[in-house]
2 protein chains.
Amino acid sequence: MADLLPVIECEGRQRILAAAEDLFSDKAFDAVSMNAIALQAGISKANIYHYFPNKDALYLAVLRDASQNLRALLHDAVHAHGTIVDVLRHFARRHLQALLDRPQLVRLVWREILEKGAPRAQEFAEQGFADMFTALVAVLKTGQSRGELRGDFDPALVATLLLGANVFFFQSRDILRHYPPITFADDPAGYDAGVVEILLRGLVPESSVDTSHIR
Amino acid sequence: MADLLPVIECEGRQRILAAAEDLFSDKAFDAVSMNAIALQAGISKANIYHYFPNKDALYLAVLRDASQNLRALLHDAVHAHGTIVDVLRHFARRHLQALLDRPQLVRLVWREILEKGAPRAQEFAEQGFADMFTALVAVLKTGQSRGELRGDFDPALVATLLLGANVFFFQSRDILRHYPPITFADDPAGYDAGVVEILLRGLVPESSVDTSHIR
DNA sequence: GCTGGTATTGACCGAATGGTCGGGCGCGCG
DNA sequence: CGCGCGCCCGACCATTCGGTCAATACCAGC
């Protein structure tokens, strides 16, 4: 049974894209052969070349696809209401959840960011970054102007810190799970709650920490 | 002129290791051919097989090497003296500096952590993690027991947060540099100072943030 | 000079790679 | 019907891959 909507993309093409996305998200570009993709898609290798001129184009298409999907997914995490503090809590929570919901997409895009050798499509990969960043910075600035947040910190830095906390958690969850003192490896909600809590209140008992000797 | 110390490893082997490390840090395992390594090392491909039984063993040796070097490098970042707050500042600063000083090693090890498909040597890669982690957690706990730090936060979580801030900065520096609101992309010291500052003091003006509605 | 082990090499191997080609299948349309 | 055209495939190609091997060059000890 076909989709009710008239599907623009022929379904063979999408089968290929799905298979390629699946494989490329686990292994690097050169580690995935066209044969493997064809096998996973249940078609012949030659057929892939009917839809894509070469392997690079296919990879690029997969990355563009993943990038757009990831952007849409993360886009939803931005919207929230209530106090700035509430918005921050929601944002952190939903952002991390979005990452964990689609680990394949995230790994795919993130690997492209890290690979120095062949910048195949950093533009795509960086878009999601920009969205999250500007949104978060805007939230923080609003909080500052409203007086709900301190005015003497750099919003961009805090945005980096929060995004980094989530990305790092996503990346190293499997490793973190091995260490006994870590209890939050399987509790992303608890992790984010703790992170935001610390960011808001700080580590020192009073707000009277001596900051004069920062070097 | 040779080293004054008697070198255990024959120098051919080290040439190979150096070349392989160079190439493997830029491109993934399958994207680096034995031919390329031989070329870069200025020797014949067959000669590589005199020192290493196969490509996997060579890669493993490179990774073990990189892992140990990185560990040694990071190990120095732990030691510091003064108040806990000072130790924390030093730690953050030197940890990030260590990452930035040897980007190749870090990328090499970190890629191994991220790759799901073939866990070639996660053990090696995870060692550095454990070191940093336990050291940081110990510092934080000391701070808590001394009353210099709040007692109601999870030390492991804060350790994750701080380590993540540095790793994330390292990973996405090139991207961060593109965004106008970010001024710290080329100022790791300033970044870490800001991060620690926020961690210590928190984002809210008073320490009276309402935490009753954390979900 | 001879010997034996180490270092090093070019030539070579089978397998797998990315990519091509000619043709067959099926369906809509004149 | 048959004609054309997307869709799809088996077979094939040149190249490159990881890896092998026999043969050197080299050098220390006898």
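Chain naming here is simple, since letters A, B, ... match the order of the sequence lines and numbering starts at 1 in each.
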Visitor: According to the interplanar angle, ranging from 0 to 90°, do the rings of Y59(B) and F24(B) count as parallel (below 30°), tilted (30 to 60°) or perpendicular (above 60°)?
Guide: perpendicular
Visitor: Using the side-chain contact (heavy atoms from CB on, under 4.5 Å) rule, pick out the option among I37(A), V62(A), I16(A) that qualifies with F52(A).
Guide: I16(A)
Visitor: Using whole Å, what does the distance between atom P of nucleotide dG19(C) and atom CG of N54(A) come to?
Guide: 5 Å
Visitor: I need the CZ-P distance between R15(B) and dA7(C), as an integer number of Å.
Guide: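 Atom CZ in R15(B) sits about 14 Å away from atom P in dA7(C).
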Visitor: What parts of residues 39-49 of chain A reach DNA chain D, counting only heavy atoms under 4.0 Å away?
Guide: I43(A), S44(A), A46(A), N47(A)
Visitor: Sub-3.5 Å donor-acceptor pair from the side chain of K55(B) to the main-chain atoms of V32(B), do we have one?
Guide: yes
Visitor: Please give, in whole Å, the distance from dT17(C) C1' to K27(A) NZ?
Guide: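 Answer to the nearest Å: 13 Å.
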Visitor: For E197(A), is there an ion pair with R201(A) - N to carboxylate O distance below 4.0 angstrom?
Guide: yes
Visitor: Within the pair N35(B) and dG18(D), is there a side-chain N or O less than 4.0 Å away from OP1 or OP2?
Guide: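 No, N35(B) has no side-chain N/O under 4.0 Å of OP1/OP2 on dG18(D).
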Visitor: Rounded to whole Å, how long is the line connecting atom CG of L58(B) with atom C1' of dC17(D)?
Guide: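 My rounded result for the distance is 15 Å.
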Visitor: Figure out the CG/C1' separation between D30(A) and dG19(C), and round it to whole Å.
Guide: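 So the CG-C1' distance, D30(A) to dG19(C), works out to 16 Å.
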Visitor: Per the end-axis method with five pairs at each terminus, what is the bend angle of the helix from dG1(C)-dC30(D) to dG30(C)-dC1(D), to 10°?
Guide: 20°
Visitor: I need the OH-C1' distance between Y51(A) and dG18(C), as an integer number of Å.
Guide: 20 Å
Visitor: Has the side chain of S33(B) got a donor or acceptor atom that lies under 3.5 Å from a matching backbone atom of A36(B)?
Guide: yes
Visitor: Hey, is the main chain of N47(B) close enough, under 3.5 Å, to the side chain of S44(B) for a donor-acceptor pair?
Guide: yes
Visitor: Compile the donor-acceptor pairs under 3.5 Å between side chains in residues 160-169 of chain B and protein atoms, sequence neighbours left out, one pair per line.
Guide:
unit_1	atom_1	unit_2	atom_2	d
T160(B)	OG1	A156(B)	O	2.8
N166(B)	ND2	A92(B)	O	3.2
N166(B)	ND2	H95(B)	ND1	2.9

Visitor: Can you check the K55(A) NZ to dT15(D) P distance for me, whole Å?
Guide: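 Result: 19 Å.
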Visitor: Would you mind telling me which residue lines up with the more 5' stretch of DNA chain C, S33(A) or H50(B), judged by nearest nucleotide?
Guide: H50(B)
Visitor: Under 3.5 Å, is there a donor-acceptor pair between the side chain of R71(B) and the main chain of G128(B)?
Guide: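 Checked: no pair found.
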Visitor: Atom CD1 of I16(A) to atom P of dC7(D): distance rounded to whole Å?
Guide: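 Spelled out: CD1 on I16(A) to P on dC7(D) is 11 Å.
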Visitor: With no hydrogens and no angle check, just 3.5 Å: does a side-chain donor-acceptor pair link Q127(A) and D131(A)?
Guide: no
